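One structure is given here, and the rest of the page talks about it.
We number each residue from 1, following the sequence as shown. Please read these numbers as outputs of a predicted model, since none were measured by experiment.
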Amino acid sequence: MSLGDARIAVLGAGSWGTALAILLARHGHEVRLWGHEPEPAAQLQQDRENRQFLPGISFPHSLTSTSDLAWSMDGADEILVVVPSHAFASVLQQVHELRPDPLSLSWATKGLEPASLRLLHEVARERFPDADLAVISGPTFAMEVARGMPTAVTVASSNSLHAARLADYLHGDTFRAYTSDDIIGVQVGGAAKNVMAIAAGMSDGLGFGANARAALITRGLAEITRLGLALGGQHDTFMGLAGLGDLVLTCTDNQSRNRRMGLALAEGQGMEEARERIGQEVEGLAAARDFRRKASGLGVEMPITEHVYRIIYEGMDPASAVKALLGREQKPETG
């Protein structure tokens with residue numbers, strides 16, 4: 001089977017999983033999009049679009065929706081997992097029970113495994129020690145990808161051939177995929193930026209202006225980089241699409257669920273009320289808790305993450321938190 005007609009299982013039928021499935025099918029691949037609930041999966045197949053998350057975007061003819069996990073993976077050249085991070089380990093367990101030796105496994109999930117605070121490649125490697133593993137990350141909004149708007153991402157793998165193959169599946173006229181061997185840095189950048197987006201949303205919601213937003217983005221990048229380097233990531237990764245690119249996107253555009261959460265908290269909404277209004281997973285809420293613990297265990301200073309955690313889980317006033325961040329003790333910017 002050539003790269004132009006691969007069979008790909010996309011596991012997770014939310015907005016991002018559906019958008020990637022549409023993209024891959026448009027590129028001529030046979031795509032099977034799996035959702036764990038039979039009724040919604042059947043509805044997607046009947047409607048030939050995801051009316052909940054991507055209304056008006058028709059499925060290509062080579063995209064099939066199913067709730068049959070075994071069938072979705074049957075003969076697949078690539079298994080692409082796109083579920084929330086808290087469900088990642090569970091889905092991999094289900095995959096392992098049905099297909100214990102996949103040759104190629106990738107994911108576009110962003111976050112840590114909550115119970116162990118491990119990066120997702122560690123979870124995947126434990127379950128599938130011999131598989132080729134890769135992660136897709138970068139500045140992407142699902143609706144823009146589904147509409148065919150220009151987008152660029154990073155595909156990271158320790159196996160350069162796997163990274164190149166997956167990038168080829170994704171690459172098209174309006175979608176550019178770069179490759180990297182820094183699977184750690186790409187994961188850290190993609191997950192930790194969600195915490196910074198909540199902070200930026202709060203700052204903007206409080207009317208603190210563009211200067212404060214730029215400061216939060218810049219200092220947010222600094223603390224993401226500190227953590228990433230401590231975990232073994234490469235510095236240049238954080239200056240690229242999976243670092244700076246994704247951070248700027250999610251901190252500055254209201255398509256970002258995490259930014260909208262920050263705006264809602266600044267307006268005085270409770271966390272549960274805001275989550276209900278947003279209607280989708282807000283990854284930064286768990287990321288604030290998980291990365292705070294991860295950084296503490298490594299002795300890495302992450303003051304923005306610390307204050308976002310205090311707002312979400314300890315009831316700290318958002319205005320006081322932002323002012324405390326900007327009023328911290330004077331110090332050199334680098335070093």
**Prompt:** Hey, does the side chain of Glu49 reach the backbone of Gly56 with a donor-acceptor pair shorter than 3.5 angstrom?
**Reply:** yes
**Prompt:** Is the side chain of Glu37 donor-acceptor paired with the backbone N or O of Pro40 at a distance under 3.5 Å, no angle test?
**Reply:** no
**Request:** Indicate yes or no: at least one non-hydrogen side-chain atom of Thr237 is less than 4.5 angstrom from one of Thr154.
**Result:** no
**Prompt:** Are the charged groups of Arg32 and Asp68 less than 4.0 angstrom apart, N to O?
**Reply:** no
**Message:** Under the rule for side-chain hydrogen bond (donor to acceptor under 3.5 Å, both in side chains), what residues qualify as partners of Ser137, not counting sequence neighbours?
**Reply:** none
**Request:** Indicate yes or no for a side-chain donor-acceptor contact from Asn159 to the backbone of Asp132 under 3.5 Å, with no hydrogens or angles considered.
**Result:** no
**Asked** How about Trp107 and Gln187: do any of their side-chain heavy atoms sit closer than 4.5 Å?
**Response** yes
**Request:** Check side-chain hydrogen bond (donor to acceptor under 3.5 Å, both in side chains) between Ser104 and all other residues, then give those that pass, not counting sequence neighbours.
**Result:** Arg165
**Electrostatic pair Arg275-Glu272, nearest N-O below 4.0 angstrom** = yes
**Asked** Does one side chain, of Glu78 or Ser106, offer a donor that lies under 3.5 Å from an acceptor on the other?
**Response** yes
**Asked** Could you go step by step and tell me if Met261 and Met202 meet the side-chain contact (heavy atoms from CB on, under 4.5 Å) rule?
**Response** CA-CA 8 Å; Met261 173 59 73; Met202 286 190 290; over 6 Å; no
**Item:** Exercise: do Asn258 and Thr250 side chains pair donor with acceptor under 3.5 Å
**Value:** no
**Request:** Look at the rings of Trp34 and His36 and say which category their plane angle falls in: under 30° parallel, 30 to 60° tilted, over 60° perpendicular.
**Result:** tilted
**Asked** Hey, is the main chain of Met149 close enough, under 3.5 Å, to the side chain of Thr151 for a donor-acceptor pair?
**Response** yes
**Message:** With a 4.5 Å cut-off on side-chain heavy-atom distances among I, L, V, M, F, W and Y, is there a chain of contacts connecting Leu244 to Val195?
**Reply:** yes
**Asked** Going through the distances and angles, do Thr18 and Phe53 end up as a side-chain contact (heavy atoms from CB on, under 4.5 Å)?
**Response** CA-CA 9 Å; Thr18 304; Phe53 296 128; 5.6 Å; no
**Message:** Whether the Arg260 and Asn254 side chains hold a donor-acceptor pair (N or O, under 3.5 Å, no angle test) is what I'd like checked.
**Reply:** no
**Prompt:** Checking Thr218 side chain against Ala214 main chain: does a donor-acceptor pair fall under 3.5 Å?
**Reply:** yes
**Prompt:** Any sub-3.5 Å donor-acceptor pair from Glu223's side-chain atoms to Thr305's backbone N or O?
**Reply:** yes
**Request:** Would you mind reporting whether Leu33 and Leu20 have side-chain heavy atoms less than 4.5 Å apart?
**Result:** no
**Request:** State, yes or no, whether a side-chain contact exists between Lys110 and Lys193 at a heavy-atom distance under 4.5 Å.
**Result:** yes
**Message:** Would Asp130 and Asp101 count as a side-chain contact (heavy atoms from CB on, under 4.5 Å) here? Give the steps.
**Reply:** CA-CA 7 Å; Asp130 299 321; Asp101 56 349; over 6 Å; no
**Prompt:** Minimum heavy-atom separation for Gly35 to Ala41, with atom names?
**Reply:** O-CB, 4.3 Å
**Message:** Check Arg310 with Glu306, please: is the shortest side-chain N to carboxylate O separation under 4.0 Å?
**Reply:** yes
**Prompt:** Can the ring centres of His96 and Phe128 be said to be less than 6.0 Å apart?
**Reply:** yes
**Asked** So do the side chains of His121 and Ile184 get within less than 4.5 Å of each other, counting heavy atoms only?
**Response** yes
**Asked** Side-chain contact, heavy-atom cut-off 4.5 Å: Gln255 with Leu249?
**Response** no
**Prompt:** Under the 3.5 angstrom rule, does the side chain of Ser157 hit a backbone N or O of Leu133 as a donor-acceptor pair?
**Reply:** yes
**Message:** My understanding is that only residues two or more places apart in sequence, or in another chain, count here; which of them pass ring pair (Phe, Tyr, Trp, His ring centres under 6.0 Å) with Trp16?
**Reply:** none
**Message:** Are Ile312 and Leu263 linked, directly or through intermediate hydrophobic residues, by side-chain heavy-atom contacts shorter than 4.5 Å (ILVMFWY only)?
**Reply:** no
**Item:** Leu119 vs Leu112 side-chain heavy atoms within contact, under 4.5 Å
**Value:** yes
**Request:** May I ask you to check whether Gln43 and Glu39 show a side-chain donor-acceptor distance below 3.5 Å?
**Result:** no
